Amino acid sequence: MTLTRWYRPEVTAAPFWQLSTLRDEIDRLFEAPLSEFTRASQQFLGGWLPAVDLYEDKDNLVVKAELPGLKKEEIEISLHEGVLTLAGERKHEEEHKDAELHRSERFVGRFQRSITLPSPVLMDKVTAAYKDGMLTVTLPKTEEAKPKQIEVKIN
Amino acid sequence: MKNIVETQAHRNKPQAVAEENWLLPAVNVLELRDAYLIEADMPGVSREGLEVTLEEHTLTLTGRRDAARLPGNPVYVESKPAGFRRVFEIDPTVDGGKISARLEQGLLTVHLPKAERLQPRKIAVTG
């Protein structure tokens, strides 16, 4: 007896399989020029839009932002009427100002992102950490905003 | 003079495409008197996730990000769950043995010194 590899029929069903590789191929074709375009348009529109994620668990809202190559002091975090604003400025490096620039894609200048928070938070308990170029802001929810479980008795 | 040119060669390697999807980090390439500098934005990449390799004249920068998700449920997500990779063809005048790299708050700086004999030098005039 020999062992033959078993394929799930739905995977080998040719048209779908081929379709998915074709899709991958198209994605791949589009990916590079598009990301270049986004980057170029960011520069063109005069802004840097760092990627921001918002997560929520029982007790906290957590906001994470991609801010590579900044100093802690260059990041400004503020909270006003349920809107969290992350701002700052990436400065030109004076150190190499005489260098010949062969490629310049990294954004330099001011950036700002604002996020409307989905629930009220304890303003004075907000903390922030900056590590590996990622800013993490933890915002504890107010007691009222936390989900509560109540027991309903059936008579 | 070739200096530092991005290569598309990695796109032809099927494993690079099949295994993982990569983001292209934004880079600056600078030329100093005695060296080239490549600066690459790699937010979320720690030293453990970083790999800089030189093969012949091909310099590959790879940054893997910790896949650990934030606690709780995503409400709004803009980041992409992928690492960074970019490949450069470097000038043959770069002294491969002396390349060094530094990673600071998600900003990778690769220092590529030009070989001694090719650096501009002042010649003393005698007589």
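Residue numbers begin at 1 in each chain, while the letters A, B, ... track the order of the sequences. On a predicted model such as this, the values are computed, not experimentally measured, just so you know.
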Other than Leu101(A), which residues form its hydrophobic cluster under the rule that side-chain heavy atoms must be closer than 4.5 Å?
Leu30(B), Leu32(B), Leu37(B)
In this structure, CZ of Arg106(A) is separated from CD of Glu39(B) (nearest 0.5 Å) by 5.0 Å
Are Leu61(A) and Leu122(A) connected, step by step, through hydrophobic side chains (Ile, Leu, Val, Met, Phe, Trp, Tyr) whose heavy atoms are closer than 4.5 Å?
no
Calculate, to the nearest 0.5 Å, the distance between atoms CD and CG belonging to Glu66(A) and Leu23(B) respectively.
8.0 Å
Between Lys64(A) and Glu78(B), does any side-chain N to carboxylate O distance fall below 4.0 Å?
no
Closest contact, heavy atoms only, Glu105(A) versus Val27(B)
OE1-N, 2.8 Å
Hey, quick one: are Val137(A) and Val83(A) part of the same hydrophobic cluster, counting side-chain heavy atoms closer than 4.5 Å, chains of contacts allowed?
no
Spacing of CD belonging to Glu48(B) relative to CG belonging to Asp132(A), to within rounding of 0.5 Å:
8.0 Å
Using side-chain heavy atoms (C-beta onward) and a distance below 4.5 Å, is Val77(B) in contact with Tyr55(A)?
yes
Charged N to carboxylate O under 4.0 angstrom, Arg90(A) versus Asp41(B)?
yes
same_hphob_cluster(Leu86(A), Leu79(A)) at 4.5 Å side-chain heavy-atom cutoff:
yes
Answer with side chain, backbone, both or neither: which region of Ile115(A) has an atom nearer than 4.5 Å to a non-hydrogen atom of chain B?
neither
What is the minimum heavy-atom distance between Asn28(B) and Ser104(A), and which atoms define it?
OD1-CA, 3.3 Å
Output the distance between atom OH (Tyr76(B)) and atom OG1 (Thr116(A)), rounded to the nearest 0.5 Å.
10.0 Å
Indicate the atoms forming the closest heavy-atom contact of Gly69(A) with Leu107(B), along with that distance.
CA-CB, 3.7 Å
Calculate, to the nearest 0.5 Å, the distance between atoms OG and CE belonging to Ser79(B) and Met134(A) respectively.
6.0 Å
Under the side chain to side chain donor-acceptor pair (under 3.5 Å) definition, can you give me all pairs with a residue in residues 96-111 of chain B, not counting sequence neighbours?
Arg102(B)-Glu104(B)
Within 6.0 angstrom of Lys71(A) NZ, more than 12 heavy atoms from elsewhere:
no
